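Before any comments, here is the structure.
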Amino acid sequence: MAKSIVVVGGGTAGWMTASYLRAAFGDRVDITLVESKNVPSIGVGEATFSTVRHFFEYLGLDEREWMPECQATYKLAIRFENWREQGKHFYHPFERLRVVDGFPLTDWWLHTKQGDRFDKDCFLIASLCDAKSSPRHLDGSLFEQDFTESDGGRGTFRTTLSEQNTQFPYAYHFDAAMLAKYLTKYGTDRGVRHVLDNVLDVALDERGWISHVLTKEHGELHGDLFVDCTGFRGLLINQALGEPFQSYQESLPNDSAVALRVPANMAERGLRPCTTATAQDAGWIWTIPLFGRVGTGYVYASDYTTPDEAERTLREFVGPEAADLEANHIKMRIGRNDRSWVNNCVAVGLSSGFVEPLESTGIFFIQNAIEQLVKHFPGESGNDWSSLQRSYNRQVGHVMDGVREFLTLHYYAAARQDNQYWKDTKTRPLPDGLAERIEQWQTKLPDTESIFPYYHGFEPYSYTAMLLGLGGLPVQAPPTLAFFDDTAAVREMQLVKEQSARLVEQLPSQYEYFAHLHELEPGRRSARAR
């Protein structure tokens, strides 16, 4: 039975893991986290999935308390710019499609040809993002949607990803270093032992299991279970245990990034409640608005540009605000381990796998891995380990493989073909099964039976949003709609427009909401910072 856990590595992955395990097991399991003073975290994973709310609720954290401490803002969608053609954008929102007479509204949109913006005609959130609106009123109440809020984890039970039975309308942007610091205090206040030291060696016993890690100043740290949060190095899982790594780069070639932390006057700029992904000649640039600055970076394929060229492109994209800012260059390992749990070592975060940051899945992978570890945690019988490991590795592998497939679709289905990078996105090998699914989607838009068959965080509406927005593949409405009366569907699309206009008028801007939450003086707030 694992009665003691040693988490090796801090940052977002390490402290999310230690905090969650403490919240789950209390003092029934000893938890130690060891991290070096000298190894900086990647620290650019500032955008998240809407399911991350379950993590904070599980810990009992109120967003009104932790968000101001982490410069956090709301994220309602991802805005894709220039993927179809220059000057065009669309949104992939956190919003399920409405259904009329058994067909999603996007099917009806294709059939009736009501407008040229499927995202604004079929979803509320696209208009809120264009208007830089907050999803909450100043009194904290949430705009109308088909979900029910929980009480922040303080009720009769705590929820996990498996209880995501409705689509919550937003995720978060936050400063990753600030969140790690916040969770450090949360964990240590609740009994997590925090060791600041360098790990010099990983010792294995005669079975090949980890017996302890050797640190420079604290000697040997022993545990029953070790969690590898050492990032792309994979110090325990890959270096010590030699677990093979499966590369995804034949279908996802972006392997590098350069990032900037850009100070900005957000009152003047406004806070668009979405991550923006702007296509470039060798990849794409993310823009993430925090309350006090903008996080931005260029994700690119090193086969098509150099680090210097990428940095120059990013600085030109940002403009004068980028002058004299230090750039952070990152080499990414795209793919996953064959197994994320080997012997008594579980890899969480980048040491387990990474599928580039296009859909903000990095922290989702961490959250899923932690939740699955709790659900597969070994009991007293030594026979439990092998069967639990197989189940855990199967689930974690499916999640990453599914996200790989969804991201591959982004590039393959993009209409952009103005240089060799974008032309090559149409000829790279597709993951097994994706070509057949793409062929089916061109005559029948994605549904639960035709997307990647295992849980990976994305629903059919996400695939539909990308197919319609990217514009590189021909799609059509179901032929059967020609035999239906479309009156109700047209009325529903009109209702979306009316509701969107009303919400834009009623909701405060996102900057106004967070200025209120940060208790700024009224003179420092912008009434409609748009």
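As the structure is a prediction and not an experimental result, all values here were calculated from the model. Note that the numbering runs from 1 along the sequence shown for the chain.
In this structure, Glu69 does not pair ionically with Lys185, as no charged nitrogen and carboxylate oxygen lie closer than 4.0 Å.
For Thr296 (side chain) and Trp286 (main-chain N/O), a donor-acceptor pair under 3.5 Å exists by modelled atom type. In this structure a side-chain-to-backbone donor-acceptor pair under 3.5 Å is missing from Arg269 to Arg293. A distance-only check finds no donor-acceptor pair linking the side chain of Asp175 to the backbone of Leu290 [under 3.5 Å]. Using a distance-only test at 3.5 Å, with no hydrogens or angles considered, no donor-acceptor pair links the side chain of Glu359 to the main chain of Val403. No donor-acceptor pair under 3.5 Å is formed between the side chain of Thr361 and the backbone N or O of Phe364. Under a 3.5 Å cut-off, the side chain of Tyr298 and the backbone N or O of Ala282 do form a donor-acceptor pair. Between the side chain of His456 and the main chain of His398, no donor-acceptor pair closer than 3.5 Å is present. Looking at Glu371, its side chain does come within 3.5 Å of a backbone N or O of Leu161 through a donor-acceptor pair.
A heavy-atom distance below 4.5 Å is not found between the side chains of Val299 and Leu358. The closest side-chain heavy-atom distance from Tyr304 to Asp281 is not below 4.5 Å. Taking 4.5 Å as the limit, some side-chain heavy atom of Met332 sits within range of a side-chain heavy atom of Phe232. With contacts defined as side-chain heavy-atom distances shorter than 4.5 Å, the pair Gln249/Asp255 qualifies. Thr287 has its side chain within reach of Val294: a pair of non-hydrogen atoms, C-beta onward, lies under 4.5 Å apart. Within the 4.5 Å cutoff, side-chain heavy atoms of Glu63 are placed close to those of Tyr172. Looking only at side-chain heavy atoms (C-beta outward), Phe377 and Ile5 come within less than 4.5 Å of each other. By the 4.5 Å heavy-atom criterion applied to side chains, Thr408 and Leu252 are counted as neighbours.
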**OP:** Please test Lys37 against Glu217 for salt bridge (charged side-chain N to carboxylate O under 4.0 Å, His left out), starting from the C-alpha separation and ending with a verdict.
**Re:** CA-CA 12 Å; Lys37 303 176 186 178; Glu217 299 174 9; 5.1 Å; no
Subject >> Verdict with supporting geometry, Asp30 and Lys3, salt bridge (charged side-chain N to carboxylate O under 4.0 Å, His left out) >> reply: CA-CA 6 Å; Asp30 292 329; Lys3 294 184 177 180; over 6 Å; no
**OP:** Go through the steps for Tyr392 and Arg339 under the test side-chain contact (heavy atoms from CB on, under 4.5 Å), then give the verdict.
**Re:** CA-CA 9 Å; Tyr392 178 93; Arg339 299 171 297 170; over 6 Å; no
Subject >> Step-by-step ring pair (Phe, Tyr, Trp, His ring centres under 6.0 Å) determination, Tyr513 to Tyr74 >> reply: CA-CA 10 Å; Tyr513 176 83; Tyr74 292 132; 5.7 Å; yes
Original post:
So His518 and Gln71, side-chain contact (heavy atoms from CB on, under 4.5 Å) or not? Walk me through it.
Top reply: CA-CA 10 Å; His518 283 256; Gln71 296 291 298; 4.2 Å; yes
Original post:
Given Ser340 and Asn393, is the side-chain contact (heavy atoms from CB on, under 4.5 Å) satisfied, shown in steps?
Top reply: CA-CA 6 Å; Ser340 288; Asn393 287 326; 4.1 Å; yes
**OP:** Would you sort out whether Thr276 and Glu81 count as a side-chain hydrogen bond (donor to acceptor under 3.5 Å, both in side chains), showing the intermediate values?
**Re:** CA-CA 7 Å; Thr276 300; Glu81 294 187 352; 4.9 Å; no
Original post:
Are His92 and Ser462 close enough, and set up right, to give a side-chain contact (heavy atoms from CB on, under 4.5 Å), and what steps lead you there?
Top reply: CA-CA 7 Å; His92 171 201; Ser462 292; 2.8 Å; yes
**OP:** Take Trp15 and His194, measure what ring pair (Phe, Tyr, Trp, His ring centres under 6.0 Å) needs, and give me the verdict at the end.
**Re:** CA-CA 10 Å; Trp15 282 108; His194 185 198; 5.0 Å; yes
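Note: Tyr412 OH to Ser251 OG = 13.0 Å, rounded to the nearest 0.5 Å. Atom CZ in Phe174 sits 3.5 Å away from atom CD1 in Ile363 (nearest 0.5 Å). Annotation: the span from Ser386 atom OG to Gln389 atom CD amounts to 7.0 Å, rounded to 0.5 Å. Atom OH of Tyr170 is separated from atom OG1 of Thr48 by 10.5 Å, given to the nearest 0.5 angstrom. Rounding to the nearest 0.5 angstrom, the gap separating the CG atom in Leu517 from the CD atom in Glu512 is 12.5 Å. Rounded to the nearest 0.5 Å, atoms CE (Met16) and CD1 (Ile370) are 4.5 Å apart.
Among Asp197, Asn198, Thr32, the single residue meeting the side chain to side chain donor-acceptor pair (under 3.5 Å) criterion with His218 is Asp197. Applying side-chain contact (heavy atoms from CB on, under 4.5 Å) to Val346 and the options Leu373, Ile237, Val7 leaves one that passes, Leu373. Just one of Phe452, Tyr463, Phe49 meets the ring pair (Phe, Tyr, Trp, His ring centres under 6.0 Å) condition when paired with Phe458; it is Phe49. Checking Thr188, Leu61, Thr12 one by one against Leu183, the side-chain contact (heavy atoms from CB on, under 4.5 Å) holds for a single residue, Leu61.
Leu221 and Thr215 get closest at one heavy-atom pair: CD1-CG2, 3.8 Å. Of all heavy-atom pairs between Leu225 and Cys345, the closest is CD1-N, 4.5 Å.
Glu311 and His329 are linked by a side-chain donor-acceptor pair at a separation below 3.5 angstrom, with hydrogens and angles left out of the test.
Note: His410 and Phe406 meet the aromatic proximity criterion, with ring centroids under 6.0 Å apart.
Judged by a 6.0 Å distance limit and a 45° cone about the ring axis, Arg428 is not positioned over the six-membered ring of Tyr411.
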